[in-house]
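As the structure is a prediction and not an experimental result, all values here were calculated from the model. Just so it is clear: chains get the letters A, B, ... in the order the sequence lines come, proteins before strands, and each one is counted from 1.
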Amino acid sequence: MFDFKRATVVQRILKDKVSIASFEGPVSYVAGCDLTFLNPFKTPTMGIASFVVLKYPEIDVVEKVWVSGKVDIPYVPGFLGFREIPLLLKAYAKLSQRPDVTIVDGHGITHPRGLGVASHFGVVLGIPTIGCAKKPLYGKFEIPGMEKGDFSFIYDDVGEKIGVVLRTKTGVKPVYISPGHLINVESALEIVKNLVVSYKLPEPTRMAHNFLQEVRKHIRAEIKE
DNA sequence: GCGACAG
DNA sequence: ATCTTGTCGC
């Protein structure tokens, strides 16, 4: 079984490698990634990962890839990276067009030890990443206004600004954005805002998710007959 | 000791 | 995160 005690040590080491700085250079391609499981409650189980690369800021699809494989680490809050990163790396390796920034489904530094899946993934590859989660995990914040565009910042226990709660759609639950690696809160917020169209989730994340539903449907059809 | 806890 | 239809509200 997986040793979460040692995993904590690994997280503390990797956390020191996370770089938070304003994003420099042009952003021409942005990617979104996601994972789905045949049975998320069983371990091991089969997982499927996807990456969708979009032209920025046009939001035109450039490339979509997916891979499947065995996932043998269970989901435990605070250790999502160890469960999802192996497949994410496998999928990322199939990309022809490397993104300038990658949005990961989960938290970045808004994590108990400052190393959510987005930061973990970013450090492993040494690439810029942004965490975009659907539920809070760590940090203090005020509930933002109900209109699309309303937001409030997330702070850690020493008052450091580590993320932002953004209402991406009027009257709908907000998303939690934070730097993963090689970016800061302001740049992360700016990029995500430009990728939100008319749904709760930014397009890269949404498309990576929808693409997986399609793939999983086809895979299960093959397994039967 | 108790509650909270991304996907 | 998965399995699933209808239904209520803007």
Side-chain angles (χ1 to χ4, degrees), chain A residues 2 4 7-8 11 14-15 18 32-51 66 68-89 91 102-123 129-141 145-148 154 156-157 162-181 188 192 198-202 204-206 208-221 223-224:
Chain A
F2 192 70
F4 289 95
T8 295
Q11 289 183 321
L14 293 182
K15 167 219 167 36
V18 174
C33 56
D34 194 22
L35 259 83
T36 190
F37 305 88
L38 259 48
N39 184 345
F41 302 110
K42 197 182 67 174
T43 304
T45 184
M46 183 194 285
I48 310 171
S50 72
F51 264 84
W66 68 270
S68 64
K70 181 176 155 191
V71 174
D72 40 29
I73 295 174
Y75 165 68
V76 174
F79 299 90
L80 185 61
F82 295 97
R83 173 176 167 83
E84 304 196 335
I85 287 177
L87 266 191
L88 287 179
L89 290 174
T102 296
I103 298 179
V104 180
D105 193 8
H107 288 88
I109 61 174
T110 42
H111 173 280
R113 291 169 294 284
L115 193 83
V117 61
S119 298
H120 194 157
F121 184 65
V123 168
T129 57
I130 294 172
C132 182
K134 299 180 287 297
K135 296 176 183 173
L137 173 67
Y138 175 84
K140 301 190 70 69
F141 60 87
M146 292 302 285
E147 296 299 311
K148 173 176 180 175
I154 300 174
D156 63 15
D157 49 27
I162 56 175
V164 52
V165 186
L166 174 66
R167 190 79 65 179
T168 51
K169 184 170 181 175
T170 299
V172 173
K173 288 193 293 183
V175 294
Y176 303 77
I177 301 161
S178 63
H181 186 45
V192 171
S198 51
Y199 301 97
K200 170 180 176 176
L201 300 176
T205 302
R206 188 175 148 271
H209 184 81
N210 290 340
F211 181 41
L212 278 184
Q213 302 308 309
E214 269 176 50
V215 175
R216 184 157 55 75
K217 189 173 176 181
H218 293 165
I219 287 183
R220 290 202 309 201
I223 292 179
K224 292 182 178 178

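- Residue-level contact check: A:Pro112 touches neither bases nor backbone, having no heavy atom under 4.0 Å from any strand.
- The residue A:Tyr138 sits apart from the nucleic acid: no heavy atom pair falls under 4.0 Å.
- In this entry the distance linking CZ of A:Phe41 with C1' of B:dG7 reads 11 Å, nearest Å.
- In this entry the distance linking NZ of A:Lys140 with P of B:dA4 reads 14 Å, nearest Å.
- When rounded to the nearest whole Å, the span between CG of A:Leu212 and C1' of C:dT2 equals 13 Å.
- By the 5.5 angstrom centroid cut-off and the 30-degree plane limit, A:Tyr75 is classified as stacked against the base of B:dG7.
- As rounded to whole Å, 13 Å separates atom C1' of B:dA6 from atom CD1 of A:Ile85.
- Among the atoms of the strands shown, none is found under 4.0 Å from any heavy atom of A:Asn39.
- Distance alone, capped at 3.5 Å, is enough to place a donor-acceptor pair between the A:His111 side chain and the A:Gly78 backbone.
- Checking B:dG7, B:dA6, C:dT2 against the side-chain heavy atoms of A:Arg216 singles out C:dT2 as nearest.
- Open room surrounds NZ on A:Lys15; 12 or fewer heavy atoms of other groups in view lie less than 6.0 Å from it.
- Side-chain nitrogen and oxygen atoms of A:Arg83 include none within less than 4.0 Å of the OP1 or OP2 phosphate oxygen of B:dG7.
- Residue contacts shown for A:Gly78 include a base, since a base heavy atom lies under 4.0 Å away.
- Backbone-only contact: A:His209 has heavy atoms under 4.0 Å from sugar-phosphate atoms and none from a base.
- Straight-line distance from the NZ atom of A:Lys42 to the P atom of C:dT2: 15 Å, rounded to whole Å.
- For A:Phe79 and A:Phe2, the ring centers sit 6.0 Å or farther from each other.
- One interatomic measurement links the two molecules: CD1 of A:Ile162 to P of B:dA6, which rounds to 15 Å at whole-angstrom precision.
- Across all strands, A:Phe79 comes closer than 4.0 Å to base atoms (heavy-atom distances).
- In this structure, A:Gly131 and A:Ala118 approach most closely via the heavy-atom pair CA-CB, 3.5 Å.
- In this structure, A:Ile154 atom CD1 and B:dA6 atom P are separated by 14 Å, rounded to whole Å.
- When each of C:dA1, B:dG7, B:dC5 is scored by its nearest atom to the side-chain atoms of A:Leu137, the top-ranked nucleotide is B:dC5.
- The shortest distance between the side-chain N/O atoms of A:Lys134 and the OP1/OP2 oxygens of B:dG7 is below 4.0 Å.
- Contact between the side-chain N/O atoms of A:Thr170 and the OP1/OP2 oxygens of C:dC10 is not found at any separation under 4.0 Å.
- Separation of the A:Phe121 and A:His181 ring centroids does not fall under the 6.0 Å cut-off.
- Atom CD1 of A:Ile73 is separated from atom P of B:dA6 by 18 Å (rounded to the nearest Å).
- In this structure, the side chains of A:Ile130 and A:Ile177 come closer than 4.5 Å at one or more pairs of heavy atoms.
- Within the nucleic acid shown, A:Val76 has no heavy atom closer than 4.0 Å to any nucleic acid atom.
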